[in-house]
Structures are given as C-alpha cells and as structure tokens.
Novice: 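Dumping the structure here so I can ask a few things about it.
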Amino acid sequence: MVRRDGADGAAGAARSSVWERPEPAARPAPSPLSRERIVAAAVELADADGLEAVSLRKVGAALDAGPMRLYRYLSTKEELLDLMADAVHGEIAAPDPDAPDAGAPDADPGGTDGDWRAVLRASAHRTRRAALRHPWFADLLGGRPGLGPNALGNREAVLAALYGAPGFLGIDAVLRAVGTVDDYLVGALRRETAELRAERDTGLDKDAWRRSEGPYLSRVLAAGNYPALAAAVRYGAHTDPATAFEAGLDVVLDGIAAGLAPGG
C-alpha cells in the first residue's frame, strides 16, 4: 500500500492546494514540461511497474528533465499521486464503448432498475475497467477522497442520482448507500488487481497456480477438518472475474434497495 497521509503538519496546512495553483508559464527548453506531460509519464511508469516505480527522479528522467524542474509544477510526490488518480477519474467520467466488457449490464435491460441503481452500476463498471487498465489505481482508492475536478465531477454525478430519489430520506441515506458501493469496489478491485500482480510476479495465472497447489490442498481437505471449505472448493461456482464482480454488485445494490424507506 502507498501511504497518502499528509506528514507536513502545520507546514502542509499552509501550502495551497495543487488544484488551486496555476501551472507555471512555459519556458523555452530542450524538453518542455507541463503537468499533463508529467502526469502522463508517471502513469506510464506506474502501469508498467506499479506505484513503487514512480518518483520525481524517474519521472524527470523519462521526460529528459531534472527532478528540480518538476518542482515548478508540483510540490510533493503526494500531489503527483493525486494528479495521477484524477487522470484516471477522467477515464471513469464517460462510458467506454470499446471496452472488452462494454456489454456488461450498466442498466437493467428489463427496465426495472431505478435511475439511481443504473447510475451506481454504470459507475462501478467504469471504475473496474479503469482499474484493470491501471492496476495501481486500486491502491489509491479507499483513503481520503479525491479533490481533483474529475473525481469531484464523478462524485457529484453519483450523489445527484440518489439525492432526492424515492426512498432516500436525506443526504445521510445517500452517503450510506454510496459508501457501501465504494467499500465493495475497493475490496473487489484490490483483490482482482492483486491477482493480476501475482500472475505478473510469478508467471503463473490462476489456473496454473491451482494446478501447482491443488495436490497439497486436496490432501489437507481429505483430512476432513475443513468441511465447509471442502464444499466450496468442490462444488462452488468458480466464475470469471467479470461475472463475480457483477454478482457481488447485484448483492450490494439489492441490499441498498431493500433498506429504502417504504414507498421507495
């Protein structure tokens, strides 16, 4: 996990937000810089080797610029992570018609879903697709909320879909529902991206890992000490990640719907 807590104390409180500071004026240079170019280079490094590969020195090297030049555009690595996360939120803001799983049910095909449910479902699927393109993004979810324009726009769209909808009595009910979906997303995406990292690091996909560890697990389960686990392994529906994500999301949305005020 990447720590994103501010550690600057009073000094950090006095510093203006990166979202409020204007970008420095361009200067003639062999390798011109901008926040957009800095963020793009950092995202490319993270996509290839994870957040551990991102540093101002490495980003500067990728742009053929010394790290001190980057400090004209941002003050800390924390700000760089915020900018990177907001760039991904920009990908989440609109549907991706070319996504491999674009046929996933962003809205109920039978028309029985309320608008709030369709919005939450669509947002969850777009977030998952973005996290699969950028597996490091899941590590930045679940902490302090993003304050960039894309993150704020996404949050506004989701809250607005529920605020005032039948059954949601006040903003606290809206926040509970959105927070529940967020909690599901954080857990599901971190688990899925952790599996992708394990495949990359070990060279074994899930099926190869199961074949490797299967004989050991069979011997353990044969002893009879874990009957429920044995039933899960032998009879459970071991679905693909996209199907499992959709099934879990259905459970969460059904739970929210069941808890709505009467008449909602």
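These values consider heavy atoms only, across backbone and side chains, with no hydrogens, waters or symmetry-generated copies. This chain uses plain numbering: 1 for the first residue, then up along the sequence. Here the structure is a predicted model, which is why all the values come from computation and not from measurement.
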Novice: So, using side chain to side chain donor-acceptor pair (under 3.5 Å) as the criterion, who are the partners of S34 when residues are at least two apart?
Specialist: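 Side chain to side chain donor-acceptor pair (under 3.5 Å) check on S34 returns nothing, list empty.
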
Novice: Does A157 have any side-chain contact (heavy atoms from CB on, under 4.5 Å) partners at least two apart in sequence or in another chain, and if so, which?
Specialist: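 Scan of A157 (side-chain contact (heavy atoms from CB on, under 4.5 Å), adjacent residues dropped) gives none.
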
Novice: May I ask you to decide if P67's main-chain N or O and R57's side chain share a donor-acceptor pair within less than 3.5 Å?
Specialist: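 Side chain of R57 to backbone of P67, a donor-acceptor pair under 3.5 Å: no, none is there.
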
Novice: So, using side chain to side chain donor-acceptor pair (under 3.5 Å) as the criterion, who are the partners of D250 when residues are at least two apart?
Specialist: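 If we apply the side chain to side chain donor-acceptor pair (under 3.5 Å) test to D250, skipping adjacent residues, the hits are R121.
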
Novice: Walk me through whether L63 and R69 qualify under side chain to side chain contact (heavy atoms under 4.5 Å, CB included).
Specialist: CA-CA 11 Å; L63 295 171; R69 285 186 61 197; over 6 Å; no

Novice: Do you know the tightest heavy-atom contact between T243 and D240?
Specialist: OG1-OD1, 2.7 Å

Novice: So which atom in R126 and which in I92 form the shortest heavy-atom distance, rounded to 0.1 Å?
Specialist: NE-O, 2.7 Å

Novice: Hey, any chance V251 and V186 share a hydrophobic cluster, counting ILVMFWY side chains that come within less than 4.5 Å of each other, even indirectly?
Specialist: no

Novice: Pairs in or reaching into residues 197-213: which pass side-chain hydrogen bond (donor to acceptor under 3.5 Å, both in side chains), with residues at least two apart or in two chains?
Specialist: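 Counting only pairs at least two positions apart or across chains, the side-chain hydrogen bond (donor to acceptor under 3.5 Å, both in side chains) contacts touching residues 197-213 are D139-R197.
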
Novice: For P32, does its backbone N or O pair with a side-chain atom of R37 as donor and acceptor, under 3.5 Å?
Specialist: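 Here the side-chain-to-backbone pair exists.
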
Novice: Let me check something: any side-chain donor-acceptor pairs from residues 161-184 under 3.5 Å, sequence neighbours excluded? List them with distances.
Specialist:
| residue | atom | partner | partner atom | Å |
| --- | --- | --- | --- | --- |
| T180 | OG1 | R176 | O | 2.8 |
| D182 | OD1 | R155 | NH2 | 3.4 |
| D182 | OD2 | R155 | NH1 | 3.0 |
| D182 | OD2 | R155 | NH2 | 3.0 |
| Y184 | OH | F245 | O | 2.7 |
| Y184 | OH | L249 | N | 3.4 |

Novice: Apart from Y216 itself, what residues make up its hydrophobic cluster, given side-chain heavy atom links below 4.5 Å?
Specialist: L217, V220, L221, Y226, L229, V233

Novice: Counting distance only, does the side-chain N/O of R128 pair as donor-acceptor with the main-chain N or O of A188 below 3.5 Å?
Specialist: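 Side chain of R128 to backbone of A188: no pair is present.
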
Novice: Step by step, work out the side chain to side chain contact (heavy atoms under 4.5 Å, CB included) result for W136 and L45.
Specialist: CA-CA 10 Å; W136 52 269; L45 287 171; over 6 Å; no

Novice: Assess whether side chain to side chain contact (heavy atoms under 4.5 Å, CB included) is satisfied between I256 and W116, documenting all intermediate values.
Specialist: CA-CA 11 Å; I256 293 172; W116 65 267; 3.8 Å; yes

Novice: State, to 0.1 Å, how close S123 and V158 come at their nearest heavy-atom pair, and which atoms those are.
Specialist: OG-CG2, 3.9 Å

Novice: Can you tell me which residue pairs pass the ring-ring contact (aromatic ring centres under 6.0 Å, His included) test with a partner in residues 40-59, sequence neighbours excluded?
Specialist: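 Those involving residues 40-59 do not exist here.
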
Novice: Apply side-chain contact (heavy atoms from CB on, under 4.5 Å) to L74 and list each qualifying residue two or more places apart in sequence or on a separate chain.
Specialist: I38, L56, E79, L80, L83

Novice: Ignoring hydrogens, what is the shortest heavy-atom contact between A93 and N154? Give both atom names and the distance.
Specialist: CA-OD1, 3.3 Å

Novice: Applying side chain to side chain contact (heavy atoms under 4.5 Å, CB included), run through D82 and L147 and close with a yes or a no.
Specialist: CA-CA 8 Å; D82 288 340; L147 299 180; over 6 Å; no

Novice: S218: what forms a side-chain contact (heavy atoms from CB on, under 4.5 Å) with it, not counting sequence neighbours?
Specialist: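 Expected list: none.
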
Novice: For A85 versus L140, what's the shortest heavy-atom pair and its separation?
Specialist: CB-CD1, 4.0 Å

Novice: Measure the spacing between CZ of R21 and CZ of R72 and express it to the nearest 0.5 Å.
Specialist: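 Reported value, rounded in 0.5 Å steps: 12.5 Å.
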
Novice: Holding to salt bridge (Lys or Arg N to Asp or Glu O under 4.0 Å), I want the full list of residues that pass it with D254, two or more places apart in sequence or in another chain.
Specialist: R117

Novice: So which heavy atom on G146 is nearest to which on L152, and how close?
Specialist: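 Distance-wise, the nearest heavy atoms are O-CD2, 3.8 Å.
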
Novice: Can you name the residues that form a side-chain contact (heavy atoms from CB on, under 4.5 Å) with D86, not counting sequence neighbours?
Specialist: W19, H89, P149, N150, A151

